[in-house]
Amino acid sequence: MKNPVIGIVGNVMTIEKGSFLGLERAFLNDAYISAVLEAGGIPIMLPIIDDLSLISSQISCCDGIILSGGQDIHPKFYSEPQHKHLGDVDSRIDKYQLEVARTAIEMDIPLLGICKGMQIINVATGGTLYQDLEEMNTYLLKHLQSGKTFETSHDINIDKDSTLYKLFGETLDVNSYHHQAVKKLGAGLKITSTSTDGVIESIEMNNKRLVLGVQWHPELLVAKNKDITRLFKHLIDKSKNK
Ligand code: MN
């Protein structure tokens, strides 16, 4: 049997200097690609497209999908005005990613959301976000770490009734690159881990082959902790059997 094809949702950057000044470039961080390869999948990039009616055809070549990280989601997608601490937004990217999440869930293609990707799953299912962790009274930990990407920042406490528990047990030390977090949970989702200050660190949907979101960056941790590859292996296992 062929190795499952994992579509990784790309991002867009604007070239800021040199001959191609102002040009928009589709890209993907290498760490996602190596994590998928390491786990036995064939990575391909899904570039942002504007015609959302093409998404079901675009993703039908994928056995599984990863929604990668990125900038903040425009709060208009969950009907809130912009908070003063909202970061950079690009609604063209959000529109595409939200529709990929909805379509993958509908088509029951295994889906792993990483950082912004988890927030996309939440908003796509009708949930909302804290636009900045300062909005949370309980905010204590450093969720926007500095330093090496494989360094860890805080523990998460994992719910027994979850995929993450089967893969990692009760607690896991994770990195943290977010200043936003899930507020109201989307339809059909459950919280499967939190940090000690109450920030939601992972979500899951039952009754699907796999819909799982993590607020941390497993693809950056695998460089120093091979155990983390289990998460990508799980996505690939789920992607094998229809
Ligand atoms: Mn965190």
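As the structure lists them, so they are numbered: ligands from 1, and atoms in each ligand from 1. Counting begins at 1 with the first residue of the sequence.
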- Query: With respect to the Mn ion (ligand 1), what is the nearest N, O or S atom of His143?
  - Reply: ND1
- Does Ser176 put an N, O or S atom under 2.8 Å from the Mn ion (ligand 1)? yes
- Task: For the pair Phe77 and His74, name the ring-plane relationship: parallel under 30°, tilted 30 to 60°, perpendicular over 60°.
- Result: perpendicular
- Item | Name of whichever N/O/S atom of Glu201 is nearest to the Mn ion (ligand 1) | OE2
- Query: Any chance the side chains of Gln58 and Tyr96 put a donor and an acceptor closer than 3.5 Å?
  - Reply: yes
- Message: Determine whether the aromatic ring centres of residues His85 and His179 are separated by less than 6.0 angstrom.
- Response: no
- May I ask you to say whether Lys2 pairs ionically with Asp63, meaning some side-chain N is under 4.0 Å from a carboxylate O? yes
- Tell me which N, O or S atom of His178 sits nearest to the Mn ion (ligand 1). NE2
